[in-house]
Amino acid sequence: MGQRPVTGSDEDPRVTELRGAVARLRRELAALRADFPDRAIAEEELAALAAMAAEGSPEIPRLRGCLLLVAGAIGSMSALARPLREVRDAVDLFGQTAHRAQGSPSGGAASRAGDRHGPAAAGRSSDAPR
C-alpha cells in the first residue's frame with residue numbers, strides 16, 4: 001500500500017517543492033547578517049513566491065520573473081547559492097510540463113541559447129544544463 005502525504009490533500013508536488021525551497025531560502029537570507037543593497041528586493045520577491053505557492057497554482061511567467069529578480073539581488077552571495085539553486089530547480093519543475101505539453105524538443109539549441117548570458121538565465125529555461 002502506498003503512503004499519502006501527511007497533509008491529506010491532493011496538492012501538486014511541484015507546489016510543495018516550491019513552498020519548501022522558498023521557505024529554506026527565506027530562512028537562510030534572514031540568518032545572513034551581511035547587509036547588501038538589494039536585500040529588500042530579494043525579501044519582497046521571496047514573499048511573492050511564497051504567496052504564489054500558498055495559492056496552489058502559480059503562474060509560470062510570474063514565478064520566473066520573481067526568480068530572476070531574486071537571483072539578480074542575491075546571486076553573488078555564495079552563502080545563498082545552494083538554497084537559490086533549490087528555488088530555481090523548484091520553479092523549473094513548472095516549466096517542464098509546459099514544454100513537453102507544447103511539443104518542444106527537449107535540450108534543443110534554441111532552448112539553451114539564452115543560458116549563456118549570465119545571471120539572467122536563472123529564470124529562463126528548464127532545459128538548461130546544470
Side-chain angles (χ1 to χ4, degrees):
M1 292 185 163
Q3 293 183 359
R4 304 223 53 169
V6 176
T7 60
S9 71
D10 291 328
E11 182 176 71
D12 185 337
R14 299 173 303 170
V15 172
T16 304
E17 185 70 25
L18 178 63
R19 184 178 295 125
V22 168
R24 284 186 294 276
L25 181 53
R26 289 178 89 182
R27 281 193 306 270
E28 294 280 338
L29 180 58
L32 189 67
R33 293 183 181 194
D35 195 26
F36 52 97
D38 294 331
R39 185 181 196 119
I41 293 170
E43 290 170 344
E44 288 173 19
E45 295 305 317
L46 285 169
L49 282 168
M52 284 186 267
E55 291 172 5
S57 59
E59 297 174 30
I60 295 170
R62 286 183 63 207
L63 282 177
R64 294 200 179 278
C66 287
L67 174 62
L68 185 61
L69 289 169
V70 169
I74 65 173
S76 65
M77 304 293 292
S78 61
L80 301 174
R82 182 191 47 78
L84 178 59
R85 167 64 77 178
E86 291 174 2
V87 171
R88 178 187 179 201
D89 291 347
V91 169
D92 282 349
L93 293 173
F94 289 89
Q96 291 172 354
T97 302
H99 285 125
R100 288 188 186 123
Q102 294 171 2
S104 296
S106 167
S111 68
R112 289 192 303 262
D115 292 333
R116 291 174 267 175
H117 298 289
R124 286 203 182 138
S125 173
S126 63
D127 297 330
R130 296 180 193 205

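Just so it is clear, the structure is predicted and the values come from calculations on it, not from any experiment.
In this structure, the separation between CG on D12 and CZ on R19 is 10.0 Å, given to the nearest 0.5 Å. One distance of note links CG of L69 with CZ of R64; it measures 14.0 Å at 0.5 Å rounding. Between the CZ atom of R14 and the CD atom of E17 there is a distance of 12.0 Å, given to the nearest 0.5 Å.
For E28, there are no side chain to side chain donor-acceptor pair (under 3.5 Å) partners at least two apart in sequence or on another chain. A30 is linked by a side chain to side chain contact (heavy atoms under 4.5 Å, CB included) to nothing, counting only residues two or more places apart in sequence or in another chain. Not a single side chain to side chain donor-acceptor pair (under 3.5 Å) links S76 to another residue, sequence neighbours left out. Shown here are the side chain to side chain donor-acceptor pair (under 3.5 Å) partners of R27, two or more places apart in sequence or in another chain: there are none. Checked against salt bridge (charged side-chain N to carboxylate O under 4.0 Å, His left out), E43 has the following partners two or more places apart in sequence or in another chain: R39.
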What pairs of donor and acceptor atoms, side-chain ones from residues 51-61 against any protein atom, are under 3.5 angstrom apart with sequence neighbours left out?
none

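Looking at L18 and V91, their side chains come closer than 4.5 Å, going by heavy atoms from C-beta outward. A heavy-atom distance below 4.5 Å is not found between the side chains of D89 and L93. With contacts defined as side-chain heavy-atom distances shorter than 4.5 Å, the pair L25/L80 qualifies.
Here the shortest heavy-atom pairing between V70 and A42 reads CG2-O, 4.1 Å. Closest non-hydrogen pair, L67 versus L84, comes out as CD1-CD1, 4.3 Å. Between A79 and L32, the closest heavy-atom pair is CB-CD1, 4.1 Å.
Note on V15: it clusters hydrophobically with L46, by side-chain heavy-atom contacts below 4.5 Å among ILVMFWY residues.
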